[in-house]
Amino acid sequence: LKFMVQRKISRRNVAATTAKSRPQAQAAARKSPLGALPEWNLADLYAGLDDPAIKRDLDRSDAESVAFEQSYKGRLDDLARGPDAGAALGEAVRRYEALDDLMGRLGSYAGLVHAGDTVDPARTKFYGDVQERLTAASTHLLFFTLELNRVDDALLQAAMADPALGHYRPWLEDVRRYKPYQLEDRVEQLFHEKSMTGYSAWNRLFDSTIANLRFKVGGKTLAIEPTLNLLQDRSGVKRKAAAQALAKTFAQNLQQFALITNTLAKDKEISDRWRGFADIADARHLDNRVEREVVDALVAAVRAAYPRRAQRYVALKAGWFGKKKLPHWDRNARLPQ
């Protein structure tokens, strides 16, 4: 599922953005009938990996995160009890928002640059370096939402009468939703800092492993994207060959994928258990701002509709292709007509 989703996202984003070429791509274009391949235009964020603004903003993130911690850590409850609680807390949230925007800009750029070519060592190093810097800086901000959730509800409600803080009411209400599941500060800091060597590292390993896989299809050796694209080819022979190549290469890497999946599953189980989530999906429901009962009802309705919707469609599609059953490699094929 992740492979298919990533393919759809990347194809949609590339098609919707301005085509820009690196020197390497331009050189390759002279040898390829396709010309230079498109890339995301990220100039609205930074001009390139060597843009001096990146170092400037990383240094700013470091310095301002430390300054923010020094200004507010251990003081939020006192500010909430003060005569100008709304204005004081509103200013604190405004500063936090500005820092979050700055760091989000850096993280978005690093992530998109890396996604554009996950096998490029320079991009991989850049992505890892930026992530490490942002994780270190955000450690100084971790206290903020934890302390906000320890402020008495009545005090926070009264402070939100001031427009300076009331402007952030939706965000504050979202933060309060996590209150029952937050741990004491030192444990939260440990979870945060170890994320770089925990689930984040395993996710990066998965992405780099997928990007480096090669699939032999019809005498050609292809990366995953062009192989997946063949699953929508007009030729049934090509679709079948691509599907078999995917299955064969994935099977050869089964042990590594199993290790990654099992490690991530165990990491989530530990985190959920410590936080007190009763169900494996509860953390996702909380992030999505939706109740478990709503999702369960949706799942039940979809499953009940399988026979008259999904299964009927698959049977119809098999008939359109002149087959009794639809092979899995024809699942995403375009219709014959």
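Please read these numbers as outputs of a predicted model, since none were measured by experiment.
- Tested against Asp330, the residues Lys325, Lys317, Lys323 include a single side chain to side chain donor-acceptor pair (under 3.5 Å) partner, Lys323.
- Closest approach of Leu106 to Ser61, counting heavy atoms only: CD1-OG, 3.6 Å.
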Taking only distance into account, with no hydrogens and no angle test, what donor-acceptor pairs under 3.5 Å do side-chain atoms of residues 184-191 form with protein atoms, sequence neighbours excluded?
| residue | atom | partner | partner atom | Å |
| --- | --- | --- | --- | --- |
| Glu184 | OE1 | Arg186 | N | 3.1 |
| Asp185 | OD1 | Arg150 | NH1 | 3.1 |
| Asp185 | OD1 | Arg150 | NH2 | 3.4 |
| Asp185 | OD2 | Arg150 | NH2 | 3.2 |
| Glu188 | OE1 | Arg275 | NH2 | 2.8 |
| Glu188 | OE2 | Leu183 | N | 2.8 |
| Glu188 | OE2 | Arg275 | NH1 | 2.7 |
| Gln189 | NE2 | Glu193 | OE2 | 2.9 |

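- Using a 4.5 Å cut-off on side-chain heavy atoms (C-beta onward), Glu173 and Arg177 make no contact.
- Between Glu97 and Arg94 there is no salt bridge, since none of the side-chain N atoms of the basic residue sits less than 4.0 Å from a carboxylate O of the acidic one.
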What pairs of donor and acceptor atoms, side-chain ones from residues 295-306 against any protein atom, are under 3.5 angstrom apart with sequence neighbours left out?
none

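- Using a cut-off of 4.0 Å between Lys/Arg side-chain N and Asp/Glu carboxylate O, Asp287 and Arg284 are scored as salt-bridged.
- When hydrophobic clusters are built by joining Ile, Leu, Val, Met, Phe, Trp and Tyr residues whose side-chain heavy atoms come closer than 4.5 Å, directly or via intermediates, Leu49 is grouped together with Leu45.
- Using a 4.5 Å heavy-atom cutoff, the side chains of Tyr109 and Asp44 are not in contact.
- Side-chain atoms of Thr227 come within 3.5 Å of backbone N or O of Ala223 as a donor-acceptor pair.
- Looking at Leu156 and Arg176, their side chains come closer than 4.5 Å, going by heavy atoms from C-beta outward.
- Sparse packing is recorded around CZ of Arg312, with 12 or fewer heavy atoms of other residues, nucleotides or ligands lying under 6.0 Å away.
- Although no hydrogens or angles enter the test, the distance criterion places no donor-acceptor pair under 3.5 Å between the side chain of Glu147 and the main chain of Lys73.
- For the pair Arg289 (side chain) and His285 (backbone), a donor-acceptor distance under 3.5 Å is absent.
- Between Pro226 and Leu222, the closest heavy-atom pair is CG-CB, 4.1 Å.
- Asn212 places a side-chain N or O within 3.5 Å of a backbone atom of Ser208 that can act as its donor or acceptor partner.
- Asp162 and Ala164 make their closest contact through OD1-N, 2.8 Å (heavy atoms, listed as atom of the first residue, atom of the second, distance).
- Using modelled atom types, no side-chain atom of Arg239 and backbone atom of Leu230 make a donor-acceptor pair closer than 3.5 Å.
- A salt bridge links Arg273 with Glu269: the closest approach of a Lys/Arg side-chain nitrogen to an acidic carboxylate oxygen falls below 4.0 angstrom.
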For this session: Apply side chain to side chain contact (heavy atoms under 4.5 Å, CB included) to the pair Thr263 and Lys266, showing each step before the final yes or no.
Result: CA-CA 5 Å; Thr263 302; Lys266 185 60 180 179; 5.9 Å; no

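- Because its NZ or CZ atom is both nearer than 6.0 Å to the ring centre of Tyr46 and within 45° of the ring axis, Arg105 counts as a cation-pi partner of that residue.
- Within a 6.0 Å radius of NZ in Lys268, other residues, nucleotides and ligands contribute more than 12 heavy atoms.
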Exercise. Under the side chain to side chain contact (heavy atoms under 4.5 Å, CB included) criterion, do His114 and Phe126 qualify, and how do the steps go?
Worked result: CA-CA 8 Å; His114 182 245; Phe126 174 77; over 6 Å; no

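- Applying the ring-ring contact (aromatic ring centres under 6.0 Å, His included) definition to pairs two or more places apart or across chains, those involving residues 71-94 are Phe68-Tyr72.
- In this structure, Phe206 and Leu264 have side chains that are not in contact, with every pair of non-hydrogen atoms separated by 4.5 Å or more.
- The closest donor-acceptor contact from the side chain of Lys238 to the backbone of Asp233 lies at 3.5 Å or more, if one exists at all.
- Atom CG of Leu205 has more than 12 neighbouring heavy atoms from other residues, nucleotides or ligands inside a 6.0 Å radius.
- When the shell of 6.0 Å around NZ of Lys220 is examined, it contains 12 or fewer heavy atoms from other residues, nucleotides or ligands.
- Look at Arg133 and Asp129 and you find no salt bridge, because none of the NZ, NE, NH1 or NH2 atoms lies under 4.0 Å from a carboxylate O.
- Judged by distance alone, with hydrogens and angles left aside, the side-chain atoms of Asp279 form a donor-acceptor pair with the main-chain N or O of Ala281 at under 3.5 Å.
- Across every non-hydrogen atom of Ala80 and Leu155, the tightest pair is O-CD2, 4.0 Å.
- Atom CD of Glu69 and atom OG1 of Thr139 lie 9.0 Å apart (nearest 0.5 Å).
- Using cut-offs of 30° and 60° on the angle between ring planes, the pair Trp171 and Phe144 is parallel.
- Side-chain contact between Leu112 and Leu42: present, with at least one pair of heavy atoms (C-beta onward) separated by less than 4.5 Å.
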Exercise. Under the side chain to side chain contact (heavy atoms under 4.5 Å, CB included) criterion, do Leu231 and Leu246 qualify, and how do the steps go?
Worked result: CA-CA 10 Å; Leu231 295 178; Leu246 287 165; 3.9 Å; yes

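- A single hydrophobic cluster is not seen to contain both Val66 and Leu102; linkage of ILVMFWY side chains at heavy-atom distances under 4.5 Å, directly or through other members, places them apart.
- Under the 4.5 Å side-chain heavy-atom criterion for ILVMFWY residues, no single connected hydrophobic cluster contains both Tyr127 and Val113.
- Considering CG of Asp101 and OH of Tyr96, their distance stands at 11.0 Å, rounded to 0.5 Å.
- Distance OG/Ser71 to CD/Glu64: 10.5 Å, rounded to 0.5 Å.
- If you take CG on Asp51 and CG on Asp57, they are separated by 8.5 Å, rounding to the nearest 0.5 Å.
- To the nearest 0.5 Å, the span separating CD on Gln131 from OG on Ser195 amounts to 8.5 Å.
- Connection of Val175 to Tyr178 is not established within any shared hydrophobic cluster, with ILVMFWY side chains joined at heavy-atom distances below 4.5 Å, either directly or through further cluster members.
- Counting heavy atoms from C-beta outward, Leu99 and Arg95 have side chains that stay 4.5 Å or more apart.
- Taken to the nearest 0.5 Å, the CD atom of Gln70 stands 11.0 Å off from the OG atom of Ser65.
- In terms of heavy atoms, Phe215 sits closest to Ala245 at CD2-O, 3.5 Å.
- Distance alone, capped at 3.5 Å, places no donor-acceptor pair between the Asn149 side chain and the Gln182 backbone.
- Looking at every heavy atom in both residues, Ala136 comes nearest to His140 through O-CD2, 3.6 Å.
- Both Val93 and Met103 are assigned to one and the same hydrophobic cluster, defined by single-linkage of ILVMFWY side chains at heavy-atom distances under 4.5 Å.
- Side-chain contact between Asp117 and Val119 is present, with at least one heavy-atom pair separated by less than 4.5 Å.
- A donor-acceptor contact under 3.5 angstrom links the side chains of Ser138 and His192, judged on distance only.
- Judged by distance alone, with hydrogens and angles left aside, the side-chain atoms of Asn253 form a donor-acceptor pair with the main-chain N or O of Thr249 at under 3.5 Å.
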Problem set entry | Derivation and outcome, side chain to side chain contact (heavy atoms under 4.5 Å, CB included), residues Arg204 and Asp207 | CA-CA 5 Å; Arg204 290 198 304 274; Asp207 290 339; 5.7 Å; no

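- In this structure, the ring of Tyr181 has its center no less than 6.0 angstrom from the ring center of Trp274.
- Within a 6.0 Å sphere centred on CD of Glu132, other residues, nucleotides and ligands contribute 12 heavy atoms or fewer.
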